[in-house]
Number of protein chains: 2
Amino acid sequence: MTSSSELENAALQAAKFERVREAHKTEVAEDYVELIDDLINVNGEARVVELAERMGVSHATVNKIVGRLQREGLVVSRPYRSIFLTDEGREMAVEARRRHEIVVKFLKAAGVSPETAEIDAEGIEHHVSDETLDCLSALTGKIEI
Amino acid sequence: MTSSSELENAALQAAKFERVREAHKTEVAEDYVELIDDLINVNGEARVVELAERMGVSHATVNKIVGRLQREGLVVSRPYRSIFLTDEGREMAVEARRRHEIVVKFLKAAGVSPETAEIDAEGIEHHVSDETLDCLSALTGKIEI
DNA sequence: CTGAATTTGTAGCCATGGCTACATTTATTG
DNA sequence: CAATAAATGTAGCCATGGCTACAAATTCAG
Ligand SMILES: [Mn+2]
Ligand SMILES: [Mn+2]
Ligand SMILES: [Mn+2]
Ligand SMILES: [Mn+2]
């Protein structure tokens with residue numbers, strides 16, 4: 001509620017919650033493609049075991065999610081081989097990393113400890129619009145001066 | 001990744017994702033109790049139809065979620081009657097509204113349009129730690145001066 | 001007070017993302 | 001090269017939060 005004792009328009013309010021639900025559908029994909037891209041860049045390849053270890057879930061869970069990512073055209077994986085990103089997956093990874101870094105930098109500039117900044121950014125990153133991202137970048141610049 | 005070509009400690013990274021998954025378990029509850037509290041304050045009662053309308057979901061979905069909230073001790077509801085918050089539910093509502101308002105105020109102060117601020121806050125609010133919340137409040141004060 | 005409209009409940013379906021347990025394949029090592 | 005270890009796959013379970021369709025209760029008019 002916007003502090004006054006008036007309730008906002010129901011449809012408008014519903015639209016916000018729908019937006020959040022929409023974000024939740026893509027955020028798992030975003031985190032996985034970003035991590036896959038990291039692993040490929042650093043290790044040369046992305047394997048199920050390491051995804052499982054770094055996501056903190058079982059390898060069975062990773063397998064299921066990789067299956068969905070492949071269905072959705074973000075990833076290519078053949079049985080017992082390492083996992084590759086499609087062009088679309090790579091684009092999503094780049095975009096996800098961009099958001100992630102802007103949020104982390106802003107939080108640190110705002111005085112949040114590096115550890116907490118990293119933790120909070122992992123959730124926040126999926127819910128910031130381009131408009132907000134621009135404002136956070138601008139603010140980070142101003143604070144640092 | 002932290003920009004360098006080094007991968008961070010796997011267990012630390014996993015802890016962050018676990019935190020996000022944890023937040024996702026509570027955020028539906030937070031949004032519902034906050035809305036229920038709003039409806040009680042403004043309308044005198046919270047009913048399934050209006051929850052459904054304002055959350056943008058079917059009344060069947062609301063019923064299922066209210067059932068869970070009751071199981072978890074956040075809500076009391078008897079068949080065909082309106083929905084009440086327990087003390088615990090009310091506490092959660094107050095806390096959720098506090099977070100919500102701090103985030104919205106900060107975003108607006110940062111130059112985000114009121115509409116976008118409200119939209120983004122609905123997702124962000126569930127992923128900000130107390131530490132970050134304090135920093136955002138402080139920053140909002142500074143910007144406004 | 002009765003009949004229609006509204007609200008609420010419930011059943012049963014689906015996809016997602018968790019898990020364990022077990023099977024299979026690939027990699028390592030003696 | 002064979003045996004063991006490690007990685008991957010798969011089956012089947014669970015809870016959540018979506019939905020539609022239908023049933024039952026409550027509320028509102030007339
Ligand atoms: Mn994330
Ligand atoms: Mn979220
Ligand atoms: Mn919310
Ligand atoms: Mn809220």
Side-chain angles (χ1 to χ4, degrees), chain A residues 10 14-36 39 43-84 122-123 126, chain B residues 10 14-36 39 43-84 122-123 126:
Chain A
K16 291 172 199 166
F17 290 118
E18 268 157 38
R19 244 293 211 90
V20 175
R21 288 192 294 269
E22 200 52 48
H24 283 164
K25 276 191 231 162
T26 52
E27 63 184 284
V28 171
E30 288 172 2
D31 287 337
Y32 272 78
V33 296
E34 191 185 340
L35 180 52
I36 289 168
L39 292 177
N43 289 349
E45 61 176 1
R47 314 246 28 164
V48 171
V49 265
E50 186 151 16
L51 281 174
E53 192 190 4
R54 306 196 88 93
M55 295 298 308
V57 298
S58 72
H59 81 272
T61 296
V62 170
N63 254 339
K64 200 178 286 191
I65 290 172
V66 167
R68 170 168 83 87
L69 298 182
Q70 182 155 35
R71 252 180 20 233
E72 290 172 357
L74 296 166
V75 137
V76 178
S77 101
R78 283 158 30 238
Y80 298 99
R81 292 282 119 78
S82 69
I83 298 154
F84 300 91
E122 198 55 70
H126 310 283
Chain B
K16 291 172 199 167
F17 290 118
E18 267 158 39
R19 245 291 211 89
V20 175
R21 288 192 293 269
E22 200 51 48
H24 283 163
K25 277 191 231 162
T26 52
E27 62 184 284
V28 171
E30 288 172 1
D31 286 337
Y32 272 79
V33 296
E34 190 184 340
L35 180 51
I36 289 168
L39 292 176
N43 289 349
E45 61 175 1
R47 314 244 31 160
V48 171
V49 264
E50 186 151 17
L51 281 174
E53 192 190 5
R54 306 194 88 92
M55 295 298 309
V57 298
S58 72
H59 81 272
T61 296
V62 170
N63 254 338
K64 199 177 287 191
I65 290 172
V66 167
R68 170 166 83 87
L69 298 182
Q70 183 156 33
R71 251 179 22 232
E72 291 173 356
L74 296 166
V75 138
V76 178
S77 101
R78 281 158 32 238
Y80 297 99
R81 292 282 119 78
S82 68
I83 298 154
F84 300 91
E122 199 55 71
H126 309 285

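Naming: A, B, ... by sequence-line order, numbering from 1 per chain.
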Applying salt bridge (Lys or Arg N to Asp or Glu O under 4.0 Å), run through A:Arg47 and A:Glu45 and close with a yes or a no.
-> CA-CA 6 Å; A:Arg47 314 246 28 164; A:Glu45 61 176 1; 3.7 Å; yes
Table please: side-chain donor-acceptor pairs of residues 71-81 of chain B below 3.5 Å, with sequence neighbours left out.
unit_1	atom_1	unit_2	atom_2	d
B:Glu72	OE1	B:Arg68	NH1	3.0
B:Glu72	OE2	B:Arg68	NH1	2.9

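Rounding to the nearest 0.5 Å places NZ of A:Lys64 at 13.5 Å from CG of A:Leu69. Atom CZ of B:Arg21 sits about 10.5 Å away from atom CD of A:Glu122, to the nearest 0.5 Å.
Scanning residues 57-67 of chain A for heavy-atom distances under 4.0 Å to DNA chain C yields A:Val57, A:Ser58, A:Ala60, A:Thr61, A:Lys64, A:Ile65.
Nearer the 5' end of DNA chain C, as judged by each residue's closest nucleotide, is the contact made by B:Val48, out of A:Arg68 and B:Val48. Between A:Ser82 and B:Arg71, the one whose closest nucleotide on DNA chain D sits nearer the 5' end is A:Ser82.
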Dot-bracket for DNA chain C, 5' to 3', with Watson-Crick and G-U pairs under 3.5 Å, [ ] for crossing pairs and | for other-strand pairs: what is it?
-> ||||||||||||||||||||||||||||||
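Along DNA chain C, read 5' to 3', the first and last nucleotides having any atom under 4.0 Å from a heavy atom of chain B are C:dT7 to C:dG18.
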Output a table of nitrogen or oxygen pairs between the protein and nucleotides 25-29 of chain D separated by less than 3.5 Å.
unit_1	atom_1	unit_2	atom_2	d
D:dA25	O4'	B:Tyr80	OH	3.2

I'd like a list of close polar pairs between nucleotides 2-4 of chain D and the protein, N/O only, cut-off under 3.5 Å.
none

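Residues B:Ile83 and B:Leu51 form a side-chain contact, since some pair of their non-hydrogen atoms from C-beta on lies under 4.5 Å apart.
Across every non-hydrogen atom of B:Ile36 and B:Ala46, the tightest pair is CG2-CB, 3.8 Å.
By the side chain to side chain donor-acceptor pair (under 3.5 Å) test, A:Ser58 is found to be paired with A:Thr61, residues two or more places apart in sequence or in another chain being considered. Here A:Glu50 pairs with A:Arg54 under the salt bridge (charged side-chain N to carboxylate O under 4.0 Å, His left out) rule; sequence neighbours left out. With sequence neighbours excluded, no residue forms a salt bridge (charged side-chain N to carboxylate O under 4.0 Å, His left out) with B:Glu53.
Applying the side-chain hydrogen bond (donor to acceptor under 3.5 Å, both in side chains) test to residues at least two apart or on different chains, the pairs with a partner in residues 22-33 of chain B are A:His24-B:His24, A:His24-B:Glu27, A:Glu27-B:His24, B:His24-B:Glu27, B:Glu30-B:His126, B:Asp31-B:His126.
A:Glu50 places its CD atom 16 Å from the P atom of D:dA6, with the value rounded to the nearest Å.
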